[in-house]
Number of protein chains: 2
Amino acid sequence: MRLYMGLVHFPVYNKHQDTIASAITPLDIHDFARLGKTYGTKGFFVITPLEDQQTLVFRILRHWTTGYGARYNRHRKEAMDLVSVTSTLEEALLRVADREGETARIVATDAVLQKDRDMSYKALRRLVLSDEVILLLFGTAWGLHKDLLDKADHVLEPIFGKTEYNHLSVRTAAAVILDRLVGRSNRLENF
Amino acid sequence: MRLYMGLVHFPVYNKHQDTIASAITPLDIHDFARLGKTYGTKGFFVITPLEDQQTLVFRILRHWTTGYGARYNRHRKEAMDLVSVTSTLEEALLRVADREGETARIVATDAVLQKDRDMSYKALRRLVLSDEVILLLFGTAWGLHKDLLDKADHVLEPIFGKTEYNHLSVRTAAAVILDRLVGRSNRLENF
């Protein structure tokens, strides 16, 4: 499996559909790293061009990978080792290409149905399990900017729960998506 | 569907297997409320006997249900309307019984396989969809105390990702579990 994740802080939308750079939510770094480790992803990129925000992420990583946190909780260290920081999507793509020797397909996620552009979980699951190099992109704040959706090779279909309400946090949405793509529950055998 | 969730802050374990009361993580309240709303649960109980922690939760709820937050983000208000605070598991059970006219089955979650006590996702999904009254319990910190596991009618099987690493945050674990139990992705048709 050669699956990578990217959490985009720019360009994303705010509530009013303005283009913004969102602030880092430290818990996101932890939750994505732990998810990435659980579901066997090869890397997780925190994507932000803001230097002070990059510094914040580096500080968190240092604490948990070499500082006190690394001794306090080695499981967290293992997860945090997956995390890198890049300024842009392009930089994340370069790092993946450098490691894998080929360019990743970009798969964007979005809470809104993208007409004629939706890839099913089943189709993406097949790609992921067939060892394609894939960068799965998640948007913070009110979601990925249209420019990024346009750059993506595919847009994954939204999560449908049991209701019409679709306002999950990006952390919990990522959990559901990874489980649908690579989880090995017995549902595959039993359903 | 008559599914409820409870997030237990006491009794739970710390890293050293001591019994503790954990502190509230405000993001948990938001994430569970949004998950609960997305997946059609009827209520979410924040269970803590500590008065200052109860006060913190009440303050968060007030902000988002009647204060500035309610005007700022009505989707969040809708989700926060699901949240109640109780001091104990018993109090949460009483509230459910009061509303449903019958006692809930308690289903505990745990990251460790509970020998001979594991209910599969498939079995629990069937119960949930058959309209049984169910209280699904999640533990904060290092997990639910043995006393609560013993009180539970069932213990749900752990989440298996793709690796042996099983250190998800309780927020993301709850997301995966709810999706496995009630999500209506096309996986049911396609897998």
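In what follows, every heavy atom counts, from backbone to side chain, and hydrogens, waters and symmetry copies are set aside. Letters go in sequence order (proteins before strands), and every chain restarts at 1.
Placement of A:Phe45 and A:Leu50 in two distinct hydrophobic clusters is found when ILVMFWY residues are connected by side-chain heavy-atom separations under 4.5 Å, directly or transitively. The cluster map of Ile, Leu, Val, Met, Phe, Trp and Tyr, joined by side-chain heavy atoms under 4.5 Å apart, puts A:Val8 and A:Phe32 in different clusters. In the hydrophobic cluster analysis, where Ile, Leu, Val, Met, Phe, Trp and Tyr join through side-chain heavy atoms closer than 4.5 angstrom, A:Leu56 is grouped together with A:Phe44. A:Tyr68 and A:Ile60 fall within the same hydrophobic cluster, where Ile, Leu, Val, Met, Phe, Trp and Tyr residues are linked whenever their side-chain heavy atoms come under 4.5 Å apart, directly or through other members. A:Leu89 is not connected to A:Val107 by any chain of hydrophobic side-chain contacts under 4.5 Å among Ile, Leu, Val, Met, Phe, Trp and Tyr, and they are in different clusters.
Between A:His75 and B:Tyr165, the ring planes are perpendicular. Angles over 60° get that label, and only those under 30° would be called parallel.
In terms of heavy-atom pairs under 4.5 Å with chain A, the best-connected choice from B:Leu178, B:Leu35, B:Thr163, B:Thr38 is B:Thr38. With chain A as partner, the option from B:Gly40, B:Pro158, B:Ser169, B:Ala175 having the largest number of non-hydrogen pairs under 4.5 angstrom is B:Ser169.
Once rounded to the nearest 0.5 Å, the distance linking CD of A:Glu78 with NE2 of B:His167 reads 7.0 Å. For the atom pair CZ (A:Arg171) and CZ (B:Arg171), the distance works out to 6.5 Å, reported to the nearest 0.5 Å. For the atom pair CG (A:Asp179) and NZ (B:Lys162), the distance works out to 11.5 Å, reported to the nearest 0.5 Å.
Within 6.0 Å of atom CZ in B:Arg59, 12 or fewer heavy atoms from other residues, nucleotides or ligands are found, so the atom counts as exposed in its surroundings.
Proximity to chain B among residues 13-30 of chain A is limited to A:Lys15, A:Thr25, A:Leu27, judged by heavy-atom separations below 4.5 angstrom. Heavy-atom neighbours of chain B within the stretch residues 128-147 of chain A, taken at a separation under 4.5 angstrom, comprise A:Leu129, A:Trp142.
In this model, no donor atom of one side chain and acceptor atom of the other lie less than 3.5 Å apart for B:Thr172 and A:Asp31.
The part of A:Ile159 that comes within reach of chain B is its side chain, from C-beta onward, which places non-hydrogen atoms under 4.5 angstrom from that chain.
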